[in-house]
Every structure is written in structure tokens, then in C-alpha cells.
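Data block below; observations after.
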Protein chains: 4
Amino acid sequence: MSAAAARSVVHSVRVEFGDCDPARIVWFPNYFRWIDAAGHHFFVSCGMPPWHELEKARGILGTPIVDTHARFVATASYGDRLDIAVQVAEWRRSSFVMRHRVTRGETLIMECDEVRIFAAHREDHAPGIRAVPIPEDLRALCS
Amino acid sequence: MSAAAARSVVHSVRVEFGDCDPARIVWFPNYFRWIDAAGHHFFVSCGMPPWHELEKARGILGTPIVDTHARFVATASYGDRLDIAVQVAEWRRSSFVMRHRVTRGETLIMECDEVRIFAAHREDHAPGIRAVPIPEDLRALCS
Amino acid sequence: MSAAAARSVVHSVRVEFGDCDPARIVWFPNYFRWIDAAGHHFFVSCGMPPWHELEKARGILGTPIVDTHARFVATASYGDRLDIAVQVAEWRRSSFVMRHRVTRGETLIMECDEVRIFAAHREDHAPGIRAVPIPEDLRALCS
Amino acid sequence: MSAAAARSVVHSVRVEFGDCDPARIVWFPNYFRWIDAAGHHFFVSCGMPPWHELEKARGILGTPIVDTHARFVATASYGDRLDIAVQVAEWRRSSFVMRHRVTRGETLIMECDEVRIFAAHREDHAPGIRAVPIPEDLRALCS
């Protein structure tokens with residue numbers, strides 16, 4: 001399936017006074033806060049089981065971020081309503097690209113591609129995590 | 001021992017651009033972020049064992065906040081260095097008052113009294129936590 | 001008009017994964033972030049003109065917080081939907097008490113009384129702000 | 001001057017309990033918070049005049065971010081001390097690349113390249129900002 005046809009879920013946020021900096025625009029780390037929430041909502045909206053169930057049943061801990069690339073196109077300020085459209089733009093063997101487009105009406109505010117993995121505990125019980133192949137059924141839910 | 005003579009530990013923070021709001025002053029929820037960190041540093045500085053050790057050895061999970069009362073006296077802005085002096089102003093049977101005074105040089109910026117408890121898992125394995133009596137040895141460390 | 005009959009406005013938030021700490025519950029400074037937003041929404045919802053208009057027309061800069069007192073009654077975690085009911089519980093000559101009750105369904109999570117003032121630039125053009133008497137028309141809007 | 005020889009300034013942060021998420025590791029938007037502070041410290045450390053002076057004297061408002069690319073290599077948790085080494089890796093005509101390497105001792109935790117511009121008010125007094133050519137003297141200070 002091409003990225004253009006991938007399932008897309010929109011998460012909306014309202015920019016608050018406290019999200020803005022002395023330049024009166026959104027302080028950029030807040031975009032990553034909203035994008036993280038939008039990604040969680042995407043999974044819930046696709047019917048993904050809660051992580052604590054996936055951990056118990058399959059040892060899957062979550063989808064930690066390994067790379068993110070964002071472009072800031074226009075500024076936003078308090079009172080603005082932003083829509084964050086989320087889709088998985090690409091599935092790889094053990095990672096996937098989650099794409100976020102943040103818009104205010106027709107205006108593109110920022111866009112961001114995240115690379116994430118499916119993580120499990122290490123097999124030797126050592127601390128830390130390891131990437132596991134993308135589970136086919138979970139991929140199907142989100143496509 | 002009177003509160004005046006209680007052990008006091010100072011934690012310093014630098015106010016960053018992103019901590020300030022469109023009025024160019026510290027956005028007030030950030031004070032609670034710094035105060036929380038100052039409280040953790042107080043315990044570490046007093047020689048309190050890490051919480052994961054206390055949990056294993058005694059089932060103590062931490063010191064959740066149950067009440068906080070803050071007074072905002074003067075504003076601060078980016079570039080300012082703030083000192084947060086922390087002490088336990090009062091020990092009760094199963095709670096204690098942690099007092100924070102935030103100053104910039106000689107200027108009082110804000111002050112805050114928190115009531116916190118020592119928390120453990122519930123005995124019947126139900127979800128949630130319960131307050132336990134203040135452990136004497138931990139109290140001695142922090143006094 | 002008694003506080004019980006004061007105008008009340010509800011602002012809802014969803015607790016996100018990133019709002020929670022290693023104890024898997026809301027990290028408490030986030031409640032102040034939500035409460036601050038709820039207060040802004042209260043004013044907007046009451047028909048209060050935007051602050052930049054009030055500044056131009058009357059020199060009023062906003063309603064800075066001078067005191068806050070919060071009680072944390074129950075914990076919340078990610079996925080929870082919280083309702084924040086806001087009202088002005090008391091009007092004084094140059095300050096007012098903004099009361100917030102945060103609930104999840106029927107469960108009280110926390111409650112908070114803030115004292116705020118109406119602030120203007122100082123008359124002598126010195127830096128800093130001063131409290132001004134509560135404007136009657138703005139009080140009427142919010143009652 | 002090659003990037004390898006560029007002036008580098010280190011900013012250190014301590015990871016706090018509240019910076020970590022329910023997975024007990026740093027919640028990733030916090031890295032952008034620290035990186036933003038590290039960039040401000042870099043400029044101060046290089047002797048850059050404060051932005052309010054640059055605005056008055058030359059109409060320069062700051063260096064807004066237009067693009068960021070981060071790689072997350074290892075996790076960090078509370079109690080960790082992180083060093084953020086900052087340098088300008090590349091100067092272009094009206095933008096520059098600010099490079100951040102976040103380490104814990106010898107361990108690389110994350111790295112991030114930001115593209116930033118020097119911004120001024122628009123010449124026609126329209127809202128919004130425009131990029132201006134990099135001022136030679138400011139570039140010299142930071143190289």
C-alpha cells in the first residue's frame with residue numbers, strides 16, 4: 001500500500017498561553033509533546049491493544065523513537081487550533097516511519113518524520129531493550 | 001528540633017528562555033517543576049537510599065505530594081539564577097511539611113509549603129497506595 | 001451572588017503518556033499547566049476581551065497569580081479524561097479567588113484555589129507591575 | 001574554518017525524576033528543551049549581545065529554528081548527568097547549522113543538527129518575520 005493511501009488519524013490540540021515563549025509563538029519543544037500524544041492516539045484509534053497487555057502477552061514494551069526530522073514552516077500562537085494528521089508512511093523490517101503534518105486550517109505549520117522501532121526486553125535479561133521484527137498483525141491494524 | 005535549625009539544602013537553577021511565557025516572566029508551573037527537583041536533591045543530599053532500594057527492602061514507594069501552598073512574591077525571567085532552599089519544616093506522624101524558599105540573590109521570588117506522605121503499596125494488593133508512619137531512621141537522616 | 005451560584009466553566013483534558021512520571025501517575029506540575037489553561041478558557045468563555053485589547057484600551061496586562069493552594073486527592077494516569085470546573089469563588093477589591101475542581105467522572109482528583117490580581121504597568125513607567133482595582137464590567141462578565 | 005575546529009561550548013544538565021516517563025527513561029521532548037537552553041548558553045558564552053539589544057540596535061529578533069534532525073542512540077534516566085556540546089557546524093548565507101552532541105560520560109545519548117536563521121521584523125511592518133544575511137561580526141564571535 002502506498003503512503004498516500006495509508007490510514008491517517010487526526011489529533012487536534014489548542015495552543016495555550018503557557019505553550020508560548022517570550023517571542024509570543026509556540027516554543028518548539030512543545031510540538032514534540034503534541035506529536036508524541038498524536039502518535040499514541042493513532043495507535044489507540046487503530047485498535048492497538050494497550051502496551052501493558054502487549055508486554056504481558058508478547059514482551060513488547062512500546063515503540064521508542066530512534067530518529068526524528070522536523071521542518072518548521074510557519075509559527076503558531078495561543079488560541080490557535082492545530083490539527084496533527086498522523087500516518088505510518090513506511091514499514092520496514094524492524095522499524096517504521098511515522099509521519100506527522102501539523103496544520104492550522106489550510107496552513108502547514110510543521111511536519112515531522114519519526115523513525116520508531118518495536119522494542120522488547122533483551123533476551124538475556126540484561127538491562128536495556130532490543131528491536132524486534134514488526135508484528136504483522138499490529139502492522140495490519142495500523143495500515 | 002525546631003524548624004529554624006532544620007537541615008537546609010540549596011538547589012540552584014538557571015531560568016531559561018523556554019521557561020518564560022509571552023509576558024516574558026517565568027510561567028508559574030515551572031516553579032513546581034524546579035521545586036520537585038529540589039526536593040529530590042534534598043533527599044539525595046541527606047543520604048536517603050534510592051527509592052528502588054527502599055521499595056525492595058521496605059515497600060516504600062516514595063513521598064507523594066498531598067497538599068501544596070505557594071506564594072508568588074516577585075517575578076523572575078531568563079538569565080536569572082534562582083536558589084531553592086529546602087528543609088523539612090515539620091514532621092508529623094505520617095506526613096511532613098517540606099518548605100521551599102526560592103530567592104534571586106537577596107530577593108524572595110516565591111515560597112512553597114508542601115505536605116507529603118511516605119507511601120507504600122496497599123496491604124491487600126489492591127491498586128493504589130497507602131500512607132505509612134514516617135520511618136524514624138529516614139527522618140533522622142533528613143533532620 | 002454567592003460562590004455556589006457563580007458561573008462555572010468546564011475545561012477537559014486528556015492525560016497523555018508524557019504527562020506521567022516513572023510512578024505511572026500524572027507528574028503534579030502538569031496539573032498547574034492544565035489549571036492555567038482552564039483559567040484562560042474561563043475568561044474567553046465569559047466573553048472577556050483579549051489581553052492585548054485590554055492592554056491597549058485600559059493598560060491591563062493580565063491576571064498574574066499571587067497565591068495558590070492545591071490538594072491532591074486521587075491519582076490519575078494516561079488515558080484518563082479529566083474535567084476542570086472553574087469559577088471565581090470570591091471577588092475582593094483588587095484580587096479574586098479562582099477555584100478549580102479536577103474530576104474524573106465522579107472522582108475528585110485535585111482541587112486548587114488561586115488568588116490572582118488584575119495587573120497594569122506601573123504609573124511611573126518603572127519596570128514591574130501593580131495591582132489595580134477589579135474592573136466592574138469585567139467582574140460582571142465572569143460572575 | 002572546518003567544523004572540527006569550530007568553537008564548542010558544553011552545557012550540563014541533570015536528569016530529574018519528572019523528566020522521565022512511565023518507561024523510566026527521559027521523555028524525548030525534554031531533550032529539545034535542554035538543547036534549546038544549550039544553544040542559548042552557547043551564544044551567551046560566545047559574547048553575543050542580548051537579543052533585546054540586538055533588536056534595538058539592528059532589528060534582529062533571534063535565531064528561530066527552521067529544521068531539526070535528531071538521532072536517539074541510548075537512553076538516559078534520572079540521576080544521570082548529561083553534557084551537551086554545542087558548535088556551529090556550518091555557516092550559510094542566511095542560515096547556520098547548530099550541532100548538539102549529548103553524552104553521559106563516554107556514552108553518546110543523542111545528537112541533533114538544527115538549522116536556524118537570523119530573523120528580523122518584516123520591512124513593510126507586516127506581521128511575521130524574515131531571514132536576514134548572517135551578520136559577519138556575530139558569526140565571528142561564534143566561530
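Everything quoted here is computed from the prediction, not taken from an experiment. Every chain is numbered from 1, with letters handed out A, B, ... down the list of sequences.
Using a 4.5 Å cut-off between heavy atoms, D/Thr75 does not touch chain A at all. For A/Trp51, no part lies near chain D; criterion is any non-hydrogen pair under 4.5 Å.
Annotation for A/Phe72 and D/Ile65: closest pair CB-O, 3.7 Å, computed over non-hydrogen atoms. Considering all non-hydrogen atoms of both residues, D/His69 and A/Asp67 come closest at NE2-OD1, 3.0 Å.
Enclosure of atom CZ in A/Arg104 by more than 12 non-hydrogen atoms of other residues, nucleotides or ligands within 6.0 angstrom is indicated. Heavy-atom contacts from other residues, nucleotides or ligands closer than 6.0 Å to CZ of A/Arg71 number 12 or fewer.
Here A/Ile35 contributes atom CD1 and D/Phe28 contributes atom CZ; the two are 7.0 Å apart, rounded to the nearest 0.5 Å. The CZ atom of A/Arg33 sits 14.5 Å away from atom CZ of D/Phe32, with the distance rounded to the nearest 0.5 Å.
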